[in-house]
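Working notes, beginning with the structure itself.
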Amino acid sequence: MTGLEIWLLAVGLAMDCFAVSIASGIILKHMQLRPMLIMAVFFGFFQALMPLLGWIGANLFSHLIESIDHWIAFAILTFLGGRMVMESFKDEDCKHEYDPTCLKVVLALAVATSIDALAVGVSFAFLGIKSLAAILSSVCVIGLVSFVLSMMGLTFGIRFGCGIARKLRAELWGGIILIIIGTKILIEHLFFS
């Protein structure tokens, strides 16, 4: 994957964090630096950790399925992207029943929003990323983008409330990005390798 693809993938993965951060900002109602930093750090950390764990696990058996690895990467990214697109059309109100200042809640949200990143880590192994240095640079980008978008989402939620969440359609755009990357991977492996 190219550097641009990694950055786009990171943005696509971070859209869940962004959407949850907007909702959390709506609940917070005013700037509270400590809970905002805690949430953004947790989101960035887990978004970076999960692909690393997925990559490590998949590297143990990727040699067994090398002939179909591009199909698996395509399926994972398209499934995740499609699910995000579908979720973006659900009509949800802005009432959320959780406390974004509670550490247990933040941990649960961080893990829940990073499950997709675990699957992306598996696809990294199938795409032939073999060196620890290559995967570490990718997961650092994913973690950084997730941190920044989480802080932005919290700020948007606090400043603009519910209206901005519906207008941005973060999950829709994140899903589209993942589908495009998955399709590009498949086309490259089928026609240009």
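In what follows, residues are counted from 1 in the order of the sequence shown.
- Note that CG of L154 is 10.5 Å distant from CD1 of I27, once rounded to the nearest 0.5 Å.
- With contacts defined as side-chain heavy-atom distances shorter than 4.5 Å, the pair L190/F74 does not qualify.
- In this structure, R159 CZ and M31 CE are separated by 6.0 Å, a value rounded to the nearest 0.5 Å.
- Scanning for side chain to side chain donor-acceptor pair (under 3.5 Å) contacts around T101 gives D99, with sequence neighbours left out.
- Under the 4.5 Å side-chain criterion, counting only non-hydrogen atoms from C-beta, M36 is in contact with I158.
- Applying the salt bridge (Lys or Arg N to Asp or Glu O under 4.0 Å) test to D16 and every residue at least two apart in sequence or in another chain returns nothing.
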Distance-only donor-acceptor hits, side chain of residues 177-186, under 3.5 Å, sequence neighbours excluded:
from: T183; atom 1: OG1; to: I179; atom 2: O; distance (Å): 2.8
from: K184; atom 1: NZ; to: E5; atom 2: OE2; distance (Å): 2.3
from: K184; atom 1: NZ; to: E188; atom 2: OE1; distance (Å): 3.4
from: K184; atom 1: NZ; to: E188; atom 2: OE2; distance (Å): 2.1

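- Looking at residues two or more places apart in sequence or on another chain, you find no side-chain contact (heavy atoms from CB on, under 4.5 Å) involving M86.
- Without hydrogens or angle criteria, W55 side chain to I129 main chain gives a donor-acceptor distance under 3.5 Å.
- Listed by first and then second residue, the salt bridge (Lys or Arg N to Asp or Glu O under 4.0 Å) pairs that reach into residues 146-156 come to none, sequence neighbours excluded.
- Side-chain atoms of W7 and V11, non-hydrogen and from C-beta on, never get closer than 4.5 Å to each other.
- The list of salt bridge (Lys or Arg N to Asp or Glu O under 4.0 Å) pairs with a residue in residues 131-149, not counting sequence neighbours, is empty.
- The side-chain heavy atoms of Q47 and C17, taken from C-beta on, include a pair separated by under 4.5 Å.
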What side-chain donor-acceptor pairs closer than 3.5 Å can you find for residues 104-121, not counting sequence neighbours?
from: T113; atom 1: OG1; to: L109; atom 2: O; distance (Å): 2.9
from: T113; atom 1: OG1; to: A110; atom 2: O; distance (Å): 3.2
from: S114; atom 1: OG; to: A110; atom 2: O; distance (Å): 2.9
from: S114; atom 1: OG; to: V111; atom 2: O; distance (Å): 3.0
from: D116; atom 1: OD1; to: R83; atom 2: NH2; distance (Å): 2.7
from: D116; atom 1: OD2; to: R83; atom 2: NH2; distance (Å): 3.2

Throw together a table of side-chain donor-acceptor distances under 3.5 angstrom for residues 134-149, partners on residues two or more places apart or in other chains.
from: S137; atom 1: OG; to: A134; atom 2: O; distance (Å): 2.9
from: S138; atom 1: OG; to: A134; atom 2: O; distance (Å): 3.2
from: S146; atom 1: OG; to: I142; atom 2: O; distance (Å): 2.9

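- Considering all non-hydrogen atoms of both residues, A125 and K130 come closest at O-NZ, 3.9 Å.
- Ring-plane geometry between F160 and F156 is classed as tilted, the angle between the planes lying from 30 to 60 degrees on a 0 to 90 degree scale.
- Across all non-hydrogen atoms, the minimal contact from P51 to A48 is CD-O, 3.3 Å.
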